[in-house]
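As the structure lists them, so they are numbered: ligands from 1, and atoms in each ligand from 1. Everything numeric here is computed off the predicted structure, so don't read it as measured data.
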Amino acid sequence: MTKKVVYNTNFDLYSSPAANWRDTILFHMAPNPPEPEQLPTCCREIVTEFSKEMLNLGDVLFQLLSEALGLRSNHLKEIGCLEGMDTAYNYYPVCPEPELTLGATQHTDTGFITVLAQDDIGGLQVLHRNRWVDVPPMSQGLVVNLGTLLQVMSNDKFTSVEHRVVLKGAEPRVSAISFFGIGYTLNTRLYGPVEELLSEDNPPKYKKTTIKDLVAHAYKQGLDGTSFLHHLKLMD
Ligand SMILES: O=C(O)CCC(=O)C(=O)O
Ligand SMILES: [Fe+2]
C-alpha cells in the first residue's frame with residue numbers, strides 16, 4: 001500500500017543531476033485521506049484544515065480554468081482533476097554557501113495545477129522571457145502554477161510555468177503546497193488534449209498518458225531542469 005505520509009530530503013536524489021537544499025513532508029490527502037492518527041500530532045489539525053480549504057479552492061479554480069478553455073465549467077472536475085490531491089510542506093534550511101546551490105532546481109510541476117503559499121522570506125522565481133523573475137511573497141497571497149498535464153490537456157493553450165527556488169541566505173524558508181493530480185496514481189483515466197478543443201486546425205500535439213505513467217517518468221527524470229513535455233509530444 002502506498003504510504004500516506006512521506007518524508008524526504010529530495011524525492012529525486014538518485015535521478016536528478018543536483019540535489020535540492022530542502023526537506024519535504026508530503027501527505028496524500030485525496031481521494032483517500034490518511035486516518036487522523038496516521039498524521040503527526042504536531043500538525044494533524046492544520047494539515048487536515050489546509051487540505052479541506054485547498055480542495056474547496058481547487059473546485060473553484062478548475063471551474064475557472066474550464067471556462068478559460070471554453071469548456072463547460074464542470075468539465076475538468078468531471079474528468080477527475082479534483083480527485084487526487086497531495087499537500088507538501090517544504091523546509092529550506094539556512095545554507096552556509098547559498099550561491100553554490102538552489103532550494104529547488106528549475107522545473108515545471110507535473111500535474112494539473114499547484115497551489116502554493118510561501119512565507120515572507122522569498123526565493124520563488126519564474127522564468128519569463130528567458131529571465132528569472134522573483135515572485136515576491138504576499139501576505140495571504142497564493143501562487144497558482146499550471147502543471148505539465150494541464151498544458152497537455154489544453155493542447156498548449158496554457159503553458160506550464162518553469163520555476164525554481166533560490167536561497168536568500170540568512171533565514172530558513174517554508175512553503176505549503178497542494179499538488180492536484182499527481183498523487184492519485186490509481187486513477188486509470190487517460191489524459192491527453194481535450195477532444196472538445198481539437199479540430200482540423202488544432203490537431204493533438206501530445207499523446208495520452210495515465211497519471212501513473214507520467215509520475216513514473218517524472219520520478220525517473222527528476223528535477224533536471226528540462227520539461228518532460230517532449231516525452232508526450234507527438235511528431236509534427
Ligand atoms: O517552495 C516553493 O516555493 C516551490 C517548491 C516547488 O516548486 C515544488 O515543490 O514543486
Ligand atoms: Fe514546483
Heavy-atom gap Gln118 to ligand 1 smaller than 4.0 Å
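Flag not set, Gln118 not near ligand 1.
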
Practice prompt. Give a yes/no on ligand 1: does His107 have at least one heavy atom closer than 4.0 angstrom to it?
Written response: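 Per 4.0 Å heavy-atom rule, His107 contacts ligand 1.
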
ask   = Per the ring pair (Phe, Tyr, Trp, His ring centres under 6.0 Å) rule, which among Phe179, Phe158, Tyr191 passes with Phe112?
value =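 So, applying the ring pair (Phe, Tyr, Trp, His ring centres under 6.0 Å) to Phe112 and each of Phe179, Phe158, Tyr191, only Tyr191 qualifies.
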
| Close side-chain approach of Met153 to Leu76, heavy-atom, < 4.5 Å |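 Counting from C-beta outward, Met153 and Leu76 do come under 4.5 Å.
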
Under 4.0 Å from ligand 1, counting heavy atoms only, is it the side chain of [X], its backbone, both or neither?
| X | result |
| --- | --- |
| Arg164 | neither |
| Val143 | neither |
| Ala104 | neither |
| Thr24 | neither |
| Thr114 | neither |

Which ligand 1 atoms are under 4.0 Å away from a heavy-atom of [X]?
| X | result |
| --- | --- |
| Ser175 | 1 (O), 2 (C), 3 (O) |
| Val165 | 1 (O), 2 (C), 3 (O), 4 (C) |
| Tyr92 | 1 (O), 2 (C), 4 (C), 5 (C) |
| Asn90 | 1 (O), 5 (C), 9 (O) |
| His163 | 7 (O) |

Which residue, Asp23, Asn20, Thr24, forms the side-chain hydrogen bond (donor to acceptor under 3.5 Å, both in side chains) with Asn90?
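Looking at Asp23, Asn20, Thr24, the match for Asn90 under the side-chain hydrogen bond (donor to acceptor under 3.5 Å, both in side chains) is Thr24.
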
Q. What residue among Gln63, Glu67, Glu78 forms side-chain hydrogen bond (donor to acceptor under 3.5 Å, both in side chains) with Arg72?
A.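 Of all the options given, the one that passes is Glu78.
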
So which atom in Gln38 and which in Val5 form the shortest heavy-atom distance, rounded to 0.1 Å?
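Residues Gln38 and Val5, closest heavy atoms: O-CG2, 3.5 Å.
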
- Task: Looking only at non-hydrogen atoms, find the nearest pair between Ala88 and Leu26 and report the distance.
- Result: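 Minimum heavy-atom separation between Ala88 and Leu26: CB-CD1, 3.9 Å.
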
message = More than 12 heavy atoms of other residues, nucleotides or ligands under 6.0 Å from CG of Leu198: yes or no?
response =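 Enclosed: over 12 neighbouring heavy atoms sit under 6.0 Å from CG of Leu198.
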
* Asked: How open is the angle at the Fe ion (ligand 2) from atom NE2 of His163 over to atom NE2 of His107, rounded to 10 degrees?
  ->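 Output for this angle: 90°, rounded to tens.
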
_Nearest N/O/S atom of Asp109 with respect to the Fe ion (ligand 2), by atom name, please._
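Nearest N/O/S atom of Asp109: OD1.
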
Checklist line | Arg173: which of Leu167, Leu124, Val94, Val166 passes side chain to side chain contact (heavy atoms under 4.5 Å, CB included) | finding: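 With Arg173 as partner, side chain to side chain contact (heavy atoms under 4.5 Å, CB included) holds for just one option, Leu124.
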
Assess whether a salt bridge exists between Lys52 and Glu45, defined as any Lys/Arg side-chain N lying under 4.0 Å from an Asp/Glu carboxylate O.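 No, Lys52 and Glu45 are not salt-bridged.
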
- request: Would you check the N or O atoms of Arg22, main chain and side chain alike, for any that come under 3.5 Å of an N or O of ligand 1?
  value: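 N/O-N/O distance under 3.5 Å: yes.
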
For this session: Report the relative orientation of the aromatic rings in Phe62 and Phe180; use parallel for angles under 30°, tilted for 30 to 60°, perpendicular for over 60°.
Result: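 Perpendicular, since the angle between the ring planes exceeds 60°.
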
